[in-house]
Amino acid sequence: MLCTQTLRIVLVVIILPKSVILLKNGLALTPPMGWMSWGYYMCGVKCDENPDKCLNENLILSVADTFYNEGYQEAGYEYIIIDDCWSEKERDLDGRLVPDKKRFPNGMKYIADYIHNRGLKFGMYTNIAAVTCMHYPGSKDYFDIDAQSFAEWGVDYLKVDGCFVKENDLNTGYIELGQELKKAGRPMVYSCSWPYYIQYIHNKKPDYSPIAKHCNMWRNYHDVVLTWPALKVIMKHYQNEYDTISPYHGPGHWNDPDMIIFGTGVLNENQSRVHLAVYLMLSAPILLSCDMNKITRYEKKLLQNLDLIAIGQDMLGVMAKPYQLEQSVTLWVKPHLPKKGDIFHSFSFAVVNLDDQQHLISIFPLAYGVNSTDGYSVMDVFANTFKNNITLKESFEVVVPPEDVILYTLFPL
Ligand SMILES: *[C@@H]1O[C@H](CO)[C@@H](O)[C@H](O)[C@H]1NC(C)=O
Ligand SMILES: *[C@@H]1O[C@H](CO)[C@@H](O)[C@H](O)[C@H]1NC(C)=O
Ligand SMILES: *[C@@H]1O[C@H](CO)[C@@H](O)[C@H](O)[C@H]1NC(C)=O
């Protein structure tokens with residue numbers, strides 16, 4: 001079961017197609033981290049029948065309190081985002097969106113102020129069409145008015161969906177709304193679902209050039225559902241699409257595989273390590289979606305493991321490159337910005353085993369672009385220890401348990 005010993009020298013260079021112009025609004029220079037309501041609370045409007053899944057002011061403020069009080073903010077979790085189903089069914093007489101009067105009795109500015117007072121950031125949601133995916137008012141014909149409302153309310157992040165939109169209207173709508181947001185004058189991370197709808201609703205290949213030029217992040221693939229098999233499909237998708245999407249990925253413009261499903265009770269510890277490690281290796285946005293009180297002690301430890309978070313928040317922002325070593329074993333390799341004073345990059349290596357058997361894998365780092373002539377010091381990220389030092393001529397062996405990941409960061413000596 002040893003991986004191939006053939007020496008493959010792989011140059012880790014980032015080649016952008018010549019014509020790519022990227023959105024430069026100074027935001028999301030590292031992938032956004034935070035919490036978003038959809039994955040767990042979904043529409044969350046039946047508060048009397050189902051108070052545990054109620055999307056309302058109390059919920060949003062309590063997430064802010066948890067981030068502030070329980071170490072999440074220090075670890076980098078910042079954005080708190082309300083997804084669909086936050087508004088009244090009708091606009092007001094001036095054509096403005098109105099927050100649901102029962103669930104958001106003090107309006108959105110109140111929530112934004114509360115969140116900002118804790119040093120956190122506030123996100124909201126709309127759709128390019130006349131209605132949202134759940135049939136609340138959408139922004140079509142109101143891009144300017146809605147952009148102004150979001151700006152006045154103090155929104156820092158806007159997720160914009162693309163349900164019920166024709167292909168061409170996706171291509172124009174995201175650009176036009178982006179321009180209105182800019183005019184409204186408040187910097188907002190612009191999260192688009194544009195390529196997802198092009199690829200999976202209109203069955204066309206997305207052109208990522210305009211997407212990366214106008215959006216800070218974008219959804220490429222289906223919504224996550226709360227199961228381990230769904231995560232495996234998503235991870236496989238990003239592996240398969242690496243060549244297509246990685247050139248557009250970097251500081252200020254990110255591919256987004258959707259939310260982290262911690263706190264929902266569906267993952268064992270091994271699976272939760274795989275989930276978070278792969279998303280951080282991808283430099284994906286890390287958006288939780290759960291009742292924060294249901295995050296297990298172990299999940300919290302992972303979410304606040306700074307050596308782990310550093311892998312995804314590294315300023316170089318490179319999406320890890322996947323190598324299929326065996327049918328169920330993938331190696332992901334990610335270079336990091338050299339530490340101050342270092343000339344050589346550090347690298348993270350994640351060996352992911354999705355089999356129900358353990359696998360013994362041998363990795364020869366030189367084959368994947370590492371080049372520090374003095375060798376590397378190897379950190380085991382989950383064990384939180386430095387293991388050993390290796391020279392450029394050495395390989396290392398790992399035993400990866402079933403549905404688990406071994407994650408090492410190599411620092412140049
Ligand atoms: C080492 O590799 C990195 C990343 O592949 C590359 O950017 C850098 O130029 C190389 N450094 C030297 C000194 O060869
Ligand atoms: C690795 O090398 C560094 C620098 O030479 C040294 O300080 C450290 O003790 C070494 N670590 C191990 C585990 O050998
Ligand atoms: C999880 O990993 C442990 C070792 O880290 C391994 O012994 C165990 O079989 C794995 N559990 C599951 C459920 O895959």
Side-chain angles (χ1 to χ4, degrees), residues 1 31 33-36 39-40 63 66-67 70-72 74-77 224-236 238-239 257-313 320 322 325-332 334 348-361 363 378-387 396-409:
M1 299 228 245
M33 295 170 62
W35 179 98
M36 185 154 69
Y40 181 74
V63 174
T66 304
F67 275 16
E70 294 187 22
Y72 288 95
E74 285 85 350
Y77 299 85
V224 66
V225 295
L226 307 184
T227 69
W228 168 243
L231 284 181
K232 287 201 285 188
V233 173
I234 291 174
M235 291 187 288
K236 196 79 199 164
Y238 281 79
Q239 177 170 350
D258 208 12
M259 293 162 273
I260 300 291
I261 64 170
F262 281 21
T264 58
V266 304
L267 303 178
N268 67 30
E269 290 189 356
N270 306 20
Q271 293 163 344
S272 62
R273 277 196 289 275
V274 172
H275 182 21
L276 195 58
V278 171
Y279 282 48
L280 288 164
M281 290 294 283
L282 290 171
S283 284
I286 300 296
L287 299 173
L288 305 168
S289 188
C290 61
D291 176 343
M292 290 300 293
N293 300 314
K294 292 191 179 154
I295 287 185
T296 65
R297 190 183 295 246
Y298 183 73
E299 287 172 331
K300 184 173 176 184
K301 195 174 132 195
L302 289 181
L303 290 169
Q304 299 189 3
N305 176 337
L306 298 185
D307 295 322
L308 181 58
I309 296 301
I311 291 171
Q313 290 289 303
L325 300 185
E326 293 177 16
Q327 205 194 342
S328 57
V329 180
T330 304
L331 167 67
W332 296 86
K334 182 176 179 6
S348 290
F349 283 73
V351 194
V352 176
N353 174 18
L354 296 181
D355 201 1
D356 56 9
Q357 310 279 321
Q358 70 173 38
H359 284 242
L360 171 64
I361 301 290
I363 308 277
V378 179
M379 180 172 70
D380 180 334
V381 176
F382 291 118
N384 221 259
T385 53
F386 279 93
K387 280 173 49 68
F396 57 81
E397 291 207 334
V398 292
V399 175
V400 200
E403 298 188 331
D404 209 341
V405 52
I406 300 291
L407 180 57
Y408 290 165
T409 299

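All values reported here derive from a predicted model rather than from experimental measurement.
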Query - Beyond-backbone contact of L308 with F382, side-chain heavy atoms, under 4.5 angstrom - result: yes

Query raised in the report: With sequence neighbours left out, what residues match S328 under side chain to side chain contact (heavy atoms under 4.5 Å, CB included)?
Result: N353, D355, H359

Query - For V266 against Q271, the heavy-atom pair lying closest together - result: O-OE1, 3.9 Å

**Report entry** Contact summary for L287 and W35, nearest pair of heavy atoms
**Finding:** CD2-N, 4.1 Å

**Report entry** Check: T409 side chain, M379 main-chain N or O, donor-acceptor pair, under 3.5 Å
**Finding:** no

Report summary line: Nearest heavy-atom contact between G263 and C290 is O-CB, 3.8 Å

Report summary line: Applying salt bridge (Lys or Arg N to Asp or Glu O under 4.0 Å) to E74 and not counting sequence neighbours gives none

Report task. Take L280 and I286 through the test side chain to side chain contact (heavy atoms under 4.5 Å, CB included) and record every step on the way to the result. Result -> CA-CA 8 Å; L280 288 164; I286 300 296; 3.8 Å; yes

Query raised in the report: Step by step, would you call L407 with D380 a side chain to side chain contact (heavy atoms under 4.5 Å, CB included)?
Result: CA-CA 6 Å; L407 180 57; D380 180 334; 5.9 Å; no

Query - Gap separating the CD atom of Q313 from the CG atom of L306, nearest 0.5 angstrom - result: 11.0 Å

Query raised in the report: With a 4.5 Å heavy-atom cut-off, do Y40 and T264 have their side chains touching?
Result: yes

Report task. Please examine the side chains of I361 and E397, heavy atoms only from C-beta on, and report whether any two atoms are closer than 4.5 Å. Result -> no

Query raised in the report: So how far is it from F262 CZ to M292 CE, rounded to the nearest 0.5 Å?
Result: 11.5 Å

Query raised in the report: After noting the C-alpha distance and the side-chain angles of I261 and V225, does the key distance pass the side chain to side chain contact (heavy atoms under 4.5 Å, CB included) rule?
Result: CA-CA 8 Å; I261 64 170; V225 295; over 6 Å; no

Query - P285 vs M33 side-chain heavy atoms within contact, under 4.5 Å - result: no

Query raised in the report: Does T330 have any side chain to side chain donor-acceptor pair (under 3.5 Å) partners at least two apart in sequence or in another chain, and if so, which?
Result: Q239

Requested in this report: For the pair V398 and Y408, evaluate side chain to side chain contact (heavy atoms under 4.5 Å, CB included) and give the outcome as yes or no after the intermediate values.
Outcome: CA-CA 10 Å; V398 292; Y408 290 165; 3.6 Å; yes

Query raised in the report: Residues two or more places apart in sequence or in another chain: which of them pass side chain to side chain contact (heavy atoms under 4.5 Å, CB included) with K301?
Result: none

Requested in this report: Spell out, as yes or no, whether a donor-acceptor pair under 3.5 Å connects the side chain of E70 to the backbone of F67.
Outcome: no

Report task. Decide yes or no for M235 and V274: does some side-chain heavy atom of the first lie under 4.5 Å from some side-chain heavy atom of the second? Result -> yes

Query raised in the report: Considering all heavy atoms of both residues, which atom of S272 and which atom of Y298 are nearest to each other, and what is their separation?
Result: OG-CE2, 3.9 Å

Report task. Check whether any side-chain heavy atom of L325 lies under 4.5 Å from a side-chain heavy atom of I363, and answer yes or no. Result -> yes

Query raised in the report: Would you say L282 and W332 make side-chain contact, with heavy atoms under 4.5 Å?
Result: yes

Requested in this report: Working to the nearest 0.5 Å, report the span between NE2 of H275 and CG of N270.
Outcome: 14.5 Å

Query - For the student: nearest non-hydrogen atoms of N305 and V381, plus distance - result: ND2-O, 3.3 Å

Query raised in the report: By side chain to side chain contact (heavy atoms under 4.5 Å, CB included), which residues pair with V399, not counting sequence neighbours?
Result: Q358, L360

Query raised in the report: Without hydrogens or angle criteria, can the side chains of Y72 and K300 be said to hold a donor-acceptor pair below 3.5 Å?
Result: no

Report summary line: Note: E403 and L354 closest approach over all heavy atoms is CG-O, 4.1 Å

**Report entry** Close side-chain approach of Y77 to I309, heavy-atom, < 4.5 Å
**Finding:** yes

Requested in this report: Taking side chain to side chain contact (heavy atoms under 4.5 Å, CB included) as the test, write out the residues that go with S283, two or more places apart.
Outcome: P31, H249, W254, K334

